[in-house]
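I have placed the structure first, in the form of structure tokens, so that the comments after it can refer back to it.
Positions are given from 1 along the sequence. As the structure lists them, so they are numbered: ligands from 1, and atoms in each ligand from 1.
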Amino acid sequence: MVAQLVLVRHGESTANRDNQFTGWTDVPLTAKGRAQAKKVGQLLADKAMTFDDVHTSYLQRAISTANIILYESHQSWVPIHKTWRLNERHYGALRGLNKDAARQKYGVSAVQLWRRSYTAVPPLLDRVTPDRRYPNQIEPLGESLAMASDRLLPYWHSTIEPALRAGRHQLVVAHGSSLRALIKYLENISDEAIDGLEVGNGEPICYTFNEKFEISPRQYLQADVK
Ligand SMILES: O=C(O)[C@@H](CO)OP(=O)(O)O
């Protein structure tokens with residue numbers, strides 16, 4: 001074994017709880033979300049899984065989840081690298097909208113397409129408020145999953161992949177769709193098949209890379225039966 005990669009979607013956020021489109025809206029975790037993160041940390045501790053680096057987005061639900069996981073697995077000292085490139089796919093004008101209300105307004109199939117198609121672009125925002133977190137203070141007006149993948153993969157190639165190749169274990173704490181984009185790339189999933197993949201809150205996925213940098217099948221980490 002050369003190195004392990006663990007992917008975790010943040011715990012439940014207030015927008016997840018309220019069934020709202022989120023994207024780049026910076027909402028906190030709920031109590032349930034914090035408990036999910038704690039469970040992930042304890043699971044990693046039970047399995048004695050350690051990391052050399054953690055990567056997360058610029059959004060607090062992912063950052064808080066990463067901090068809780070590290071604390072619970074007794075490795076709070078491990079460096080956390082934050083990047084906007086791991087942010088959730090930007091949901092454009094849909095953000096903040098209740099998903100059932102959106103289905104009533106736009107129809108079930110349009111909403112399903114915006115949520116899960118690889119190339120569909122959601123209705124765009126007219127403009128965004130400058131936010132100093134982002135390059136030139138500008139966030140996108142909206143993104144398809146393909147657009148999210150295009151801005152995420154440079155970070156994979158520049159930072160995560162070289163670390164794995166150097167034998168360093170990597171933990172990525174990100175979002176439902178930013179992780180779907182990464183998994184699509186790692187497993188070479190087709191544009192069509194990616195719409196069937198769901199990543200649950202606080203359900204860690206593990207890959208192992210061997211000496212030839214060949215990737216193992218996706219493995220869902222679960223508690224050992226004692
Ligand atoms: O709202 C969002 O940003 C995402 C993730 O919570 O939702 P969906 O699963 O509908 O793409």
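In Arg9, the part holding a heavy atom less than 4.0 Å from any atom of ligand 1 is the side chain.
Close contacts of ligand 1 with Phe21, meaning ligand atoms under 4.0 Å from a residue heavy atom, involve 1 (O). Here is the list of ligand 1 atoms found below 4.0 Å of a heavy atom in Gln20: 1 (O). Of all atoms in ligand 1, listed by their number and element, those nearer than 4.0 Å to a heavy atom of Gly23 are 2 (C), 3 (O). Close approach of ligand 1 to Asn16 is summarised as follows: ligand atoms under 4.0 Å from at least one heavy atom of the residue are 6 (O). Those atoms of ligand 1 with a heavy atom of Thr22 less than 4.0 angstrom away are 1 (O), 2 (C), 3 (O).
For atom 10 (O) of ligand 1, the nearest non-hydrogen atom of the protein is Arg115 NE, 2.6 Å. Here the protein heavy atom with the shortest distance to atom 11 (O) of ligand 1 is Tyr91 OH, 2.6 Å. The protein non-hydrogen atom at the shortest distance from atom 5 (C) of ligand 1 is Glu88 OE2, 3.3 Å. Of the protein's non-hydrogen atoms, Arg116 NH2, 2.7 Å is the one closest to atom 9 (O) of ligand 1.
One hydrophobic cluster holds both Ile80 and Leu171 under the rule that ILVMFWY side chains link at heavy-atom gaps under 4.5 Å.
In this structure, Glu72 does not pair ionically with Lys39, as no charged nitrogen and carboxylate oxygen lie closer than 4.0 Å. Salt bridge Arg151/Glu143: present, at least one basic N to carboxylate O contact under 4.0 Å.
For the ligand labelled ligand 1, residue Lys99 lies inside the 4.0 Å heavy-atom shell. Every heavy atom of Arg95 sits 4.0 Å or more from the atoms of ligand 1.
The aromatic rings of Trp24 and Tyr134 sit tilted relative to each other, their planes meeting at an angle between 30° and 60°. By the 30° and 60° cut-offs, the orientation of the rings of Phe209 relative to Phe213 is parallel.
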Query - Residue pair His81, Tyr155: steps toward the side-chain contact (heavy atoms from CB on, under 4.5 Å) verdict - result: CA-CA 11 Å; His81 310 278; Tyr155 187 76; 3.4 Å; yes
Query raised in the report: Can you check side-chain hydrogen bond (donor to acceptor under 3.5 Å, both in side chains) on Thr14 and Arg17, steps first, answer last?
Result: CA-CA 5 Å; Thr14 53; Arg17 177 196 64 201; 5.1 Å; no
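Judged by the 6.0 Å distance and 45° axis criteria, Arg218 is not positioned over the aromatic ring of Tyr220.
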